[in-house]
Amino acid sequence: MKLFKAGAAAAVAVVLSLTATACGGGSGSAGDGGTAGGGKDKIVIGIKFDQPGLGLKTPDGKFTGFDVDVATYVAKELGYQPDQIEFKQAVSAERENLISNGDVKLVVATYTINDKRKAKVDFAGPYFLAHQDLLVRADDTSITKAEDLNKKNLCSVTGSTSAQNVKTKLAPDANLLEQGGYSECLTGLENKTVDALTTDNSILAGFAAQEKNKGKFKLVGLKLSDEPYGIGLKKGDKELQTKVNAALKKMVEDGSWQKAVDANLGPAGYKAEPAPQITEGS
Ligand code: GLU
């Protein structure tokens, strides 16, 4: 009986300590997208879940893409192993909120650095340079430049730079449909409710190359903007910004950056620009 009691007590102790660990490492219980204090249980990172080649959650629950590799490398430099990373979906319009609320520590999600966003968050980087382009159905010959979009049904994503560029300068008379994510736009393009999808060429190339989309779509091949991707982090966190910048620099210098580009964007035939100079925080 005594033995049994001791065993039960030990079991309770184990359960309690497990619970404590779970709480401590919970989804940023300290409101900073990670664990406060000295513990380094977990880091929460916002990525895209529906962008092949960049940030994709596969049906078996794995995460793949260039942004995932960048996030994993940076996390390691910050002291977190891959199994200590929790990836959280960060749709375009929610990225600033996720960071300011402390739901995530970092956002690595095709996140263009710009002044409007810098009013709310800080960035490290840039670590990649993309350009806005258009995706149309493979047999379309009516859209070859941005102005051709006027009066056409165009899809982009709420809170993205591409949607903003269309409205303010590229094609103000386009009939712009804004969706929550790019995969929704792709469905519209396929079933002809929209005539074109606009966002970064890196994202469009990934969609066009997907097995299920082969032969259905084509990139128009325009460079309608510069989209330097940064890693979003809490405004004013200079220490984190410096560490993330150092990690990005190391990733380029040791060849891991090029490897990640080739592995994730190569299969789509995407010709990536060289790694950009880091400008944030200096
Ligand atoms: N890079 C652009 C942006 O940050 C478009 C891609 C996206 O929505 O993630 O808005």
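Order of listing sets the numbers, starting from 1, for every ligand and every atom in it. All values derive from a computational prediction rather than experimental measurement.
- Electrostatic pairing of Glu77 and Lys243 does not count as a salt bridge here, judged by no charged N lying under 4.0 Å from a carboxylate O.
- In this structure Lys76 satisfies the salt bridge (Lys or Arg N to Asp or Glu O under 4.0 Å) test with no other residue, sequence neighbours excluded.
- Ring centers of Tyr229 and Tyr111: at least 6.0 Å apart, outside the cut-off.
- Apart from Leu129 itself, the hydrophobic cluster it occupies contains nothing, where clustering links Ile, Leu, Val, Met, Phe, Trp and Tyr at side-chain heavy-atom distances under 4.5 Å.
- A distance limit of 4.0 angstrom between heavy atoms and ligand 1 selects the residues Lys48, Ser92, Arg95, Ala109, Thr110, Tyr111, Thr112, Arg117, Ser160, Thr161, Ser162, Tyr182, Thr199, Asp200, Ile203, Glu227, Tyr229.
- Using cut-offs of 30° and 60° for the angle between ring planes, the Phe66 and Trp257 rings count as perpendicular.
- Clustering of Ile, Leu, Val, Met, Phe, Trp and Tyr side chains at separations under 4.5 Å places Leu224 together with Leu134, Val136, Ile143, Leu149, Leu154, Val166, Leu170, Leu176, Val220, Leu222.
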